Amino acid sequence: MPSQIFHPGFKARPFWWEAYAPEALAPIDLPREARVAIVGAGYAGLSAALALNDAGLDCIILDANEPGFGASTRNGGMVSGGVNVGKRYLAKPMAPEEAAPFLGDAAEAFTHIEALIEREKIACHWTKAGYFLGAWCNSHYRDMEKKIKALNANARSGAYIVPRERQREEIGSDYYRGGMVVERAAHIHPALYYQGLLEIIRKRNIPIASKTPVTKLTPTGKDWTVTTPRGEIKAGDVVIATNGYTGDVTPQFKRRVVPIGSYIIATEELSPEIAASLSPKNRSIADTRRVLTYYRMSPDGKRLIFGGRAKFGQTDPVDTAPILYGFMLDRYPQLKGVKITHAWTGNVAFTLDEMPHMGKFDNLHYALGCNGSGVAMLSYLGFQTGRKIAGRVNRICAFDREDFPDHPFYNGNTWFVPWIGRYFRTRDWIDRNIG
Ligand SMILES: Cc1cc2nc3c(=O)[nH]c(=O)nc-3n(C[C@H](O)[C@H](O)[C@H](O)COP(=O)(O)OP(=O)(O)OC[C@H]3O[C@@H](n4cnc5c(N)ncnc54)[C@H](O)[C@@H]3O)c2cc1C
């Protein structure tokens with residue numbers, strides 16, 4: 001099967017890069033000093049820079065690669081205004097009063113990205129079509145029923161339950177045991193959103209240095225010396241916005257985020273009838289399986305973009321494409337024989353409490369930990385970080401907390417991740433067949 005699934009024009013790179021691919025920018029002279037140095041030029045880093053610039057503070061953005069090289073041009077483009085406060089793998093479900101502020105700020109993250117795209121007229125195919133979350137097993141469906149009230153009260157989600165017999169209204173498949181619709185959700189072209197942010201940065205003349213890794217951060221009095229192969233910068237504050245690409249330069253954060261590969265395939269253009277049937281309301285779709293899948297139509301409605309945790313750990317996307325293809329056929333047997341034109345991967349960053357975080361630690365500001373869902377959230381937390389440095393916040397964001405947990409047995413080495421994958425697959429099997 002494997003070789004037959006690839007289209008003759010197959011590319012092992014993101015489908016999104018057909019519209020906008022990250023490119024190295026013309027080298028700039030690094031300033032000797034900047035009020036703020038931002039490490040990482042994804043959504044979080046650019047959003048922090050915009051907030052600082054709004055407040056009249058100068059900053060420089062540094063990226064080890066081409067800006068946009070990270071997850072910000074590789075993701076599924078599904079935009080949600082929620083955060084997982086319920087059943088998690090390592091943390092207990094939160095009580096409603098504990099969850100409410102997080103859900104409130106997650107809803108604000110959605111408001112932020114929607115307003116930004118509209119205000120700046122970023123042409124990124126913003127489509128507010130909601131999402132459908134398929135229940136992998138009966139117990140997950142029952143959990144959804146319990147969760148909906150809090151989602152609607154605190155995150156303004158517009159959520160409602162969809163019993164199995166009405167599932168075909170949402171998805172051209174009988175695969176799930178019912179599910180839930182969240183109306184307050186959207187999808188975008190992630191690389192065009194990134195390009196739009198980058199254009200604003202460049203229009204405002206905010207300096208951005210590509211192919212300039214930060215190799216050392218040294219406290220010097222109240223300031224920082226930021227070392228790169230192209231020179232040093234003295235900065236009053238530093239923002240770490242490296243998410244799933246966090247490396248040895250910040251071991252204190254490397255110990256707190258677990259980078260996990262997420263994988264996506266794009267199909268060739270489908271026949272109009274099949275394309276129209278897969279997601280009849282053009283919703284984004286995800287499921288409650290531990291070995292999660294997420295999918296949606298391309299902005300032109302002609303292809304399926306299908307992602308998931310095909311493997312835990314970082315692997316060649318060409319090797320994982322057949323696994324994703326199998327997952328896709330489980331849900332949509334009607335796609336048998338359809339070819340794949342693109343397959344790619346990128347890193348998401350899990351945190352040990354499965355929550356996103358921003359704050360200040362060891363005197364470094366950070367916005368980290370998307371847990372797989374960071375288009376809205378990390379745009380928002382980056383922005384909030386910039387505002388906080390500029391002294392422009394009038395309330396503390398719920399995700400700005402002192403406790404950013406680490407674990408005595410985790411130092412950034414992810415040897416155990418494939419074992420978690422095996423455990424998840426077993427638990428999924430048990431839930432599906434017994435749950
Ligand atoms: C395959 C995939 C699918 C996803 N799907 C979705 C989705 O559908 N919806 C959703 O909400 N989220 C999704 N996500 C998550 C989302 O893409 C991320 O949360 C978000 O893009 C993170 O943005 P960021 O700016 O924090 O980090 P990134 O965009 O990852 O940028 C980090 C940057 O830091 C740079 N860097 C690292 N170390 C250094 C250093 N020492 N010096 C300088 N620069 C450095 C890297 O080069 C990189 O460019 C997905 C992620 C992946 C990988």
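Counting starts at 1 for both ligands and their atoms, following the listed order. Source: prediction; values computed, not measured.
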Review point. How close does the nearest protein non-hydrogen atom get to atom 12 (N) of ligand 1, and which residue and atom is it?
Key: G374 N, 2.9 Å

**Study point:** Proximal candidate to atom 25 (O) of ligand 1 [heavy atom criterion; set A44, A109, A64]
**Key:** A44

Review point. Heavy atoms only: which of I240, I38, N75 is nearest to atom 50 (C) of ligand 1?
Key: N75

Point to revise | Output field: ring centroids F306/Y294 closer than 6.0 Å | key: no

Check your understanding: Are the ring centres of F361 and F404 closer than 6.0 Å?
Key -> no

Check your understanding: Is it true that a side-chain atom of D63 and a backbone atom of N65 form a donor plus acceptor pair closer than 3.5 Å?
Key -> yes

Point to revise | Centroid-centroid under 6.0 Å between H112 and F383 rings | key: yes

Check your understanding: Looking at M78, which atoms of ligand 1 are within less than 4.0 Å of one of its heavy atoms?
Key -> 7 (C), 8 (O), 9 (N), 10 (C), 11 (O)

Revision key, fill the gap. Within 4.0 Å of some non-hydrogen atom of G42, the atoms of ligand 1 are 25 (O), 29 (O), 31 (O)

**Study point:** G346 neighbourhood, listing ligand 1 atoms whose heavy-atom distance to it stays under 4.0 Å
**Key:** 53 (C)

**Study point:** Basic-acidic side-chain contact under 4.0 Å: R289, D431
**Key:** no

Study note, to complete from the structure: Nearest non-hydrogen contact to atom 29 (O) of ligand 1 from the set S72, G70, P67 belongs to S72

Review point. Under 4.0 Å from ligand 1, counting heavy atoms only, is it the side chain of L378, its backbone, both or neither?
Key: side chain

Point to revise | Presence of salt bridge, E108 and R156, under 4.0 angstrom | key: yes

Check your understanding: Considering only heavy atoms of N243, which atoms of ligand 1 have at least one such atom less than 4.0 Å away?
Key -> 19 (O), 22 (C), 26 (O), 27 (O)

Check your understanding: Can you find a side-chain donor-acceptor pair between Y131 and E183 that sits under 3.5 Å?
Key -> no

**Study point:** Contact atoms of ligand 1, heavy-atom distance to L62 under 4.0 Å
**Key:** 43 (C), 44 (N)

Review point. Looking only at distance, does G244 have an N or O less than 3.5 Å from an N or O of ligand 1?
Key: no

